[in-house]
Amino acid sequence: MDHSRTIIHIDLDCFYAQVEMNKNPSLRTVPLGIQQKNIVVTSNYTAREFGIKKCMLIPEAKKLCPSLVLVNGEDLHDYRQTSYKVTNLLQKYTPLVERLGLDENYLDVTTLINEKLNQKSDLKLVGNVFGDTSDKCECGCTERLIIATTVAQEIRDVIKSELNLTSCAGIAHNKLLAKIAGARHKPNQQTVVFPNSALELILSLNAPNDIPGIGRALFEQLKCIGVETIEELQNVDLKRLETVLGQDKAKLVHELSLGIDKSGVKPTGKPQSIGLEDSCRSISVETEVKIKLEQLLNRLLLLVEEDGRVPKTIKLTVRKFNKDNKMSHRETRQCNVNPSIFSSSQPNKEAKIMTTIMHLFNRIIDVKKPYHITLLGLSFTKFQEPPKNTLASFLRKDLEVQSVLSIENQNGVEDAESPVPSTSKLAPTEGESPTPSPKKLKLTNLVSKKRCFEDYYEDCESPSKLKVADLCLDSVSCPPDADKEVFKELPKEVQKELWEDYKRRRASEMNFCSSQVKKTKPNTLLNYFIRNN
DNA sequence: CTGGGGTCCT
DNA sequence: AGGACCC
């Protein structure tokens with residue numbers, strides 16, 4: 001087998017709870033639960049001593065621990081910010097950092113370890129070991145993994161000292177084993193597993209769906225062919241597995257059950273989508289739909305502004321009431337949007353986007369008939385690259401323009417982004433919308449390709465004069481609750497963060513004022529500058 | 001009495 | 001557009 005890689009999995013302890021305890025240290029000494037709607041999504045370790053578990057219902061949690069303190073965690077903004085600070089720290093060790101959710105990161109430290117190996121550094125094993133170490137692999141992985149335990153400890157120390165967050169680490173020669181090993185000793189500990197203990201580690205799990213990558217649906221399929229335990233999965237006849245899963249999936253699942261995971265650590269770049277959703281008891285009138293979607297849109301526009309890129313597609317998600325346990329059933333509709341609608345100088349941009357959103361809504365819901373909605377979601381995808389005001393990027397923009405135009409030229413009037421050969425799939429995505437999508441323009445206005453492009457970006461005189469920067473550079477002011485004198489002296493970056501935080505707090509307040517009492521959420525950075533009187 | 005996000009594949 | 005997977 002190949003043990004040439006060295007992987008570290010970092011998992012922040014009860015992440016949301018730690019962020020809230022850092023924001024408000026008095027929460028450290030009390031049992032704390034993070035609440036989303038009627039659920040405790042995570043809790044600190046004080047609360048766990050009472051038996052509070054992940055995703056426990058509020059009444060049940062309160063019964064177990066009447067003194068449980070609940071903090072609303074429905075707005076993930078602060079968690080997301082802290083999460084990216086962690087990832088940024090990790091990227092100082094290797095560019096190969098893959099995020100999984102907000103609280104987990106994989107690092108491929110192979111190169112770093114090999115450098116340390118050459119430096120003949122000390123071979124001291126730090127932290128826990130899973131399994132016995134009596135018979136060791138001689139391929140060199142043992143030394144690498146031992147060195148990695150020191151690196152993992154260093155990394156966890158830095159996360160603690162820089163961000164005041166404790167974490168767990170798993171160290172192994174692949175992602176799967178690193179993740180499973182790290183969960184063996186919690187919280188604030190680390191565990192290394194050597195290849196010879198891989199099978200034992202996997203077998204220590206309770207069921208096939210405890211293996212990351214094997215979810216509920218796969219487990220059900222496995223049961224269908226009589227495979228209910230991990231041991232049975234390890235020994236299953238591959239041919240029989242293939243009959244239900246197909247060749248590729250069967251091989252993958254079987255390998256996972258043996259602790260084999262060839263997947264690489266894929267560096268996570270900027271997010272592919274930015275979205276918000278809000279579940280609710282019941283919405284059945286259109287004005288209420290509009291209010292909810294406007295709240296979501298206002299918050300979402302701030303997130304997109306923080307991101308700096310401009311989205312090209314908007315997606316609406318609706319969950320209808322369903323008496324069955326089919327919780328996951330959501331319907332989505334998406335359409336392209338003209339990026340220029342996000343321009344800060346665009347008047348009534350919220351109203352314009354809302355018009356598009358309501359058209360999407362009407363494609364899911366016939367408002368003339370009764371309906372019963374339990375979730376609304378809004379998401380932006382397919383981002384344009386952030387504008388960089390350099391000469392090089394200016395030229396690159398022109399090149400992009402040229403390639404877009406040449407693709408359009410080759411394919412007649414098709415979607416510039418996905419030049420699919422079959423034209424049958426190219427139904428206009430925004431049907432009857434009064435705001436024509438770029439695609440519709442191309443389909444209806446068969447004008448010169450230059451003219452077509454100018455329509456796409458509206459008032460630009462020519463492609464090379466594109467004021468792309470205007471799309472996302474909103475002006476920054478001093479928040480009314482901050483000290484203006486202090487604000488003036490702050491670096492531009494910090495000013496922007498404070499201003500965006502202020503706008504976000506306002507949007508959040510508007511979002512919650514109608515539905516529930518919201519405790520004020522102190523912001524750590526802002527607190528330094530807020531006036532005391 | 002079931003969150004609010006994300007990813008990739010089909 | 002939906003469905004699988006992850007947290």
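Chain naming here is simple, since letters A, B, ... match the order of the sequence lines and numbering starts at 1 in each. When reading the values below, keep in mind they use all heavy atoms of this one structure, side chains included, and skip hydrogens, waters and symmetry mates.
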Of the listed nucleotides [options], the one nearest the side chain of [X]:
| X | options | value |
| --- | --- | --- |
| A/E331 | B/dG5, C/dG2, C/dC7 | C/dG2 |
| A/E277 | B/dG4, B/dG6, C/dA1 | B/dG4 |
| A/K179 | B/dG4, C/dC7, B/dT2 | C/dC7 |
| A/A217 | C/dA4, B/dT7, B/dG5 | C/dA4 |
| A/L100 | B/dG6, C/dA1, C/dC7 | C/dC7 |
| A/V41 | B/dG3, C/dA1, C/dC6 | B/dG3 |

Separation between the P atoms of B/dT2 and C/dC7, rounded to whole Å: 22 Å

On DNA chain B, does the nearest nucleotide to A/P59 precede the nearest nucleotide to A/Y16 from the 5' side, or the other way round? Give the residue.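 The 5'-side residue here is A/P59.
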
For DNA chain B, whose closest nucleotide is more 5', that of A/Q272 or that of A/L375?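 The residue mapped nearer the 5' terminus is A/L375.
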
Taking atom CD as the centre, does A/E350 end up with more than 12 heavy-atom neighbours from other residues, nucleotides or ligands that are less than 6.0 angstrom away? yes

Taking only side-chain nitrogens and oxygens of [X], does any of them come within less than 4.0 Å of OP1 or OP2 of [N]?
| X | N | value |
| --- | --- | --- |
| A/T332 | C/dA1 | no |
| A/R363 | C/dA1 | yes |
| A/S273 | B/dT7 | yes |
| A/K266 | B/dC8 | yes |
| A/S279 | B/dT2 | no |
| A/K37 | B/dT2 | no |
| A/R281 | B/dC1 | no |
| A/K54 | B/dT2 | no |

Which heavy atom of A/L89 sits nearest a heavy atom of A/I159, and at what distance?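 The pair with the smallest heavy-atom distance is CD1-CA, 4.0 Å.
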
Heavy-atom closest contact (A/I202 atom, A/L256 atom, distance):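 For A/I202 versus A/L256, the nearest heavy atoms are CD1-O, 3.8 Å.
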
Rounding to an integer number of Å, can you tell me how far [X] [atom1] sits from [N] [atom2]?
| X | N | atom1 | atom2 | answer |
| --- | --- | --- | --- | --- |
| A/I214 | C/dC6 | CD1 | P | 9 Å |
| A/I364 | C/dA1 | CD1 | P | 8 Å |
| A/R99 | C/dC5 | CZ | C1' | 17 Å |
| A/E104 | B/dT7 | CD | P | 15 Å |
| A/F15 | B/dG4 | CZ | P | 17 Å |
| A/R319 | B/dG5 | CZ | C1' | 13 Å |
| A/D78 | B/dG5 | CG | P | 13 Å |
| A/N105 | B/dG6 | CG | P | 16 Å |

Do A/Y45 and A/F50 have their ring centres less than 6.0 Å from each other?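 When the ring centroids of A/Y45 and A/F50 are compared, they turn out to be at least 6.0 Å apart.
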
Sugar-phosphate, base or nothing in reach of [X], heavy atoms under 4.0 Å:
| X | answer |
| --- | --- |
| A/L276 | sugar-phosphate |
| A/L102 | nothing |
| A/I211 | sugar-phosphate |
| A/L218 | sugar-phosphate |

Which pairs with one or both residues in residues 279-317 of chain A pass ring-ring contact (aromatic ring centres under 6.0 Å, His included), sequence neighbours excluded?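 Every pair satisfying ring-ring contact (aromatic ring centres under 6.0 Å, His included) with a residue in residues 279-317 of chain A: there are none.
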
Parallel, tilted or perpendicular: rings of A/Y79 and A/Y16 (30°, 60°): parallel

Looking at A/V337, A/L300, A/I341, A/L293, which hits side chain to side chain contact (heavy atoms under 4.5 Å, CB included) with A/I353? A/I341

